[in-house]
Colleague: 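Sharing a structure with you now.
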Amino acid sequence: MGSQREGQEGFTLVETLVTMLMLSLASAAFYQVLFAGVEGSQTSRSVVRVSDEARLGLNRMIRDTRQANTIRLATPTGYAVDIDFDGNGTITPAPARNGQGDYEQLSFVVVAGKLYIEACSAAQGLDCGQDKTVLIDGVSAVPGLDIFRYSSNLLEYDCMPQPPGFDGVTDQAELNNTTCTVTQLTPAQQLSALTDIDYNLIVTFGDRSSVFSAHANIRNLR
């Protein structure tokens with residue numbers, strides 16, 4: 001039987017075990033970094049997707065609103081508009097559609113963190129459930145701001161605060177202010193006087209949030 005040559009001693013069992021342990025730790029660290037990178041990439045793609053969907057929903061709402069003939073209802077969390085899509089001079093009452101297949105009475109409302117578009121008649125209010133579709137999920141208000149803020153181009157009603165503090169914007173409160181020196185408007189007249197909507201909302205996905213702000217001017221009321 002042969003014997004080991006001098007200077008060619010093999011690894012002891014302890015050395016082998018230590019080496020295997022070190023290799024295992026290195027492999028575990030490598031895969032942890034790898035999987036973290038993959039997970040982070042997937043999360044980033046999901047955030048981008050949600051952000052894109054939110055922008056599409058917001059753009060859809062603004063596009064329809066700009067074509068409106070009038071704002072029929074207006075609250076901090078929702079509003080309803082009448083839109084003569086087919087241009088025949090008559091608003092087709094929801095839930096019926098016009099001859100082109102479009103709803104001409106639409107509402108946009110935030111309920112339980114979701115922004116919906118619905119086809120609601122004047123008698124049904126904002127959240128009627130007719131053809132209810134989610135435009136944006138994970139919606140909440142920006143602290144200190146309403147999700148929907150309305151204003152009018154009737155600058156003669158820009159009376160708050162009192163002179164000389166005019167800010168160049170006539171909002172709902174000013175239209176309803178009895179101390180203005182112009183003719184007092186009825187509730188129906190106040191709604192018909194609204195010409196602009198500002199949007200301020202937070203969209204949250206997981207632990208990430210984005211603020212979206214936009215403005216819509218009703219084309220037919222400029």
Colleague: Just to verify, what does S213 make a side chain to side chain donor-acceptor pair (under 3.5 Å) with, not counting sequence neighbours?
Modeller: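 For S213 the side chain to side chain donor-acceptor pair (under 3.5 Å) partners, ignoring immediate neighbours, are N200.
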Colleague: Listed by chain and number, what are the salt bridge (charged side-chain N to carboxylate O under 4.0 Å, His left out) partners of D64, not counting sequence neighbours?
Modeller: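 With sequence neighbours excluded, D64 shows a salt bridge (charged side-chain N to carboxylate O under 4.0 Å, His left out) to R60, given in chain and number order.
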Colleague: Between CG of D82 and OG1 of T90, what distance do you get to the nearest 0.5 Å?
Modeller: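 One finds 11.5 Å between CG of D82 and OG1 of T90.
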Colleague: Which atoms form the tightest heavy-atom contact between N177 and C159, and what is the distance?
Modeller: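 That closest heavy-atom pairing would be ND2-SG, 3.5 Å.
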Colleague: Under the 4.5 Å side-chain heavy-atom rule for ILVMFWY, direct or indirect, which residues accompany L155?
Modeller: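 ILVMFWY cluster around L155 holds nothing else.
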Colleague: A94 and C120: which non-hydrogen atoms are nearest, and at how many Å?
Modeller: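 Scanning both residues, the minimum pair turns out to be CB-C, 3.8 Å.
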Colleague: Restricting to non-hydrogen atoms, name the atom on S192 and the atom on T70 that form the minimum distance, rounded to 0.1 Å.
Modeller: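 Heavy atoms of S192 and T70 come nearest at CA-OG1, 4.2 Å.
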Colleague: Measure the CD-CZ distance between E104 and R97 for me, rounded to the nearest 0.5 Å.
Modeller: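 Reported to 0.5 Å precision, the distance equals 11.5 Å.
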Colleague: Please answer: with hydrophobic residues joined when any side-chain heavy atoms are less than 4.5 Å apart, are I147 and V142 in the same cluster?
Modeller: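 The answer is no; the residues belong to distinct hydrophobic clusters.
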Colleague: Show me the side-chain donor-acceptor pairs of residues 126-135 shorter than 3.5 Å, one per line, residues at least two apart or across chains.
Modeller:
| from | atom 1 | to | atom 2 | distance (Å) |
| --- | --- | --- | --- | --- |
| D127 | OD1 | K132 | NZ | 3.0 |
| Q130 | NE2 | Y103 | OH | 3.4 |

Colleague: Does any non-hydrogen side-chain atom of R66 lie less than 4.5 Å from one of M61?
Modeller: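 A side-chain contact under 4.5 Å is absent here.
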Colleague: Same cluster or not: V211 versus L145, using hydrophobic residues (I, L, V, M, F, W, Y) connected whenever any side-chain heavy atoms lie under 4.5 Å apart?
Modeller: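 Cluster IDs for V211 and L145 match.
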Colleague: Only one of L154, I218, L175, N153 forms a side chain to side chain contact (heavy atoms under 4.5 Å, CB included) with L194, so which one is it?
Modeller: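 Checked L154, I218, L175, N153 against L194; only one passes side chain to side chain contact (heavy atoms under 4.5 Å, CB included): L175.
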Colleague: State, yes or no, whether a side-chain contact exists between L201 and F148 at a heavy-atom distance under 4.5 Å.
Modeller: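 A side-chain contact under 4.5 Å is absent here.
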Colleague: Could you work out, with ring-ring contact (aromatic ring centres under 6.0 Å, His included) as the rule, every residue matching Y150, not counting sequence neighbours?
Modeller: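 ring-ring contact (aromatic ring centres under 6.0 Å, His included) list for Y150, sorted by chain: empty.
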Colleague: List for me each residue that meets side-chain contact (heavy atoms from CB on, under 4.5 Å) alongside A214, sequence neighbours excluded, and say none if there are none.
Modeller: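 If we apply the side-chain contact (heavy atoms from CB on, under 4.5 Å) test to A214, skipping adjacent residues, the hits are L58, I62, Y199.
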Colleague: With sequence neighbours excluded, tell me which residues meet side-chain contact (heavy atoms from CB on, under 4.5 Å) with S151.
Modeller: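 Partners of S151 under the side-chain contact (heavy atoms from CB on, under 4.5 Å) test: V169, D196.
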Colleague: I need the minimum non-hydrogen distance between N176 and Q190, along with the two atoms involved.
Modeller: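 Residues N176 and Q190, closest heavy atoms: OD1-NE2, 3.1 Å.
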Colleague: In Å and rounded to the nearest 0.5 Å, what is the OG1 to CG distance from T195 to N217?
Modeller: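 So the gap between those two atoms works out to 6.0 Å.
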Colleague: Are V81 and L115 linked, directly or through other ILVMFWY residues, by side chains that come within less than 4.5 angstrom of each other?
Modeller: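 Linked within one cluster.
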Colleague: If we ignore angles and hydrogens, is there a donor and acceptor under 3.5 Å between the side chains of Q124 and S121?
Modeller: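 On atom types as modelled, these side chains qualify, holding a pair under 3.5 Å.
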Colleague: Do Q105 side-chain atoms and P93 backbone N/O form a donor-acceptor pair below 3.5 Å?
Modeller: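 No.
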Colleague: To the nearest 0.5 Å, tell me how far N59 CG sits from D52 CG.
Modeller: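 Atom-to-atom, N59:CG and D52:CG are 10.5 Å apart.
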Colleague: Could you tell me if Q100 and D86 have a donor-acceptor pair between their side chains, going purely by distance under 3.5 Å?
Modeller: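 Note: D86 and Q100 side chains miss the donor-acceptor criterion.
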Colleague: Report the residues that fulfil salt bridge (charged side-chain N to carboxylate O under 4.0 Å, His left out) with D102, sequence neighbours left out, ordered by chain and then residue number.
Modeller: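 If we apply the salt bridge (charged side-chain N to carboxylate O under 4.0 Å, His left out) test to D102, skipping adjacent residues, there are no hits.
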Colleague: Excluding sequence neighbours, so at least two apart, what forms ring-ring contact (aromatic ring centres under 6.0 Å, His included) with F108?
Modeller: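 Partners of F108 by the ring-ring contact (aromatic ring centres under 6.0 Å, His included) criterion, ordered by chain and then number, come out as Y79.
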Colleague: Using side-chain contact (heavy atoms from CB on, under 4.5 Å) as the criterion, list what pairs up with D171, not counting sequence neighbours.
Modeller: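 Listed in chain order: R149, A173, E174.
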Colleague: Which heavy atom in A74 sits nearest to a heavy atom in I71, and how many Å separate them?
Modeller: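 Closest heavy-atom pair between A74 and I71: CB-CG2, 4.1 Å.
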Colleague: Enumerate the residue pairs fulfilling disulfide bond (SG atoms under 2.5 Å apart) with a member in residues 62-102, sequence neighbours excluded, ordered by first and then second residue.
Modeller: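 Qualifying pairs: none.
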Colleague: Apply side chain to side chain donor-acceptor pair (under 3.5 Å) to E118 and list each qualifying residue two or more places apart in sequence or on a separate chain.
Modeller: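 Not a single residue meets the side chain to side chain donor-acceptor pair (under 3.5 Å) criterion with E118.
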Colleague: Measure across D84 and N69 and return the closest heavy-atom pair with its distance rounded to 0.1 Å.
Modeller: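 Taking every non-hydrogen atom into account, N-OD1, 2.8 Å.
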Colleague: For S209 and T204, does a side-chain donor sit closer than 3.5 Å to a side-chain acceptor?
Modeller: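 Yes, side-chain donor-acceptor contact under 3.5 Å.
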Colleague: If we ignore hydrogens and angles and just use 3.5 Å, is the side chain of T75 paired with the main-chain N or O of T77 as donor and acceptor?
Modeller: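 Here the side-chain-to-backbone pair exists.
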Colleague: Check for a donor-acceptor pair, side chain of D158 on one end and backbone N or O of T170 on the other, with a separation under 3.5 Å.
Modeller: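 No, because the side chain of D158 does not come within donor-acceptor range (under 3.5 Å) of the backbone of T170.
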Colleague: Heavy atoms, side chains only, cut-off 4.5 Å: are F212 and V203 in contact?
Modeller: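 Yes, their side chains come closer than 4.5 Å.
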Colleague: In the structure I gave you, are the side-chain heavy atoms of L106 and I117 within less than 4.5 Å of one another anywhere?
Modeller: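 Yes, close enough: below the 4.5 Å cut-off.
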Colleague: Is it the case that one hydrophobic cluster holds both I91 and I83, taking links as side-chain heavy atoms less than 4.5 Å apart, direct or via other members?
Modeller: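 Unlinked, I91 and I83 end up in two clusters.
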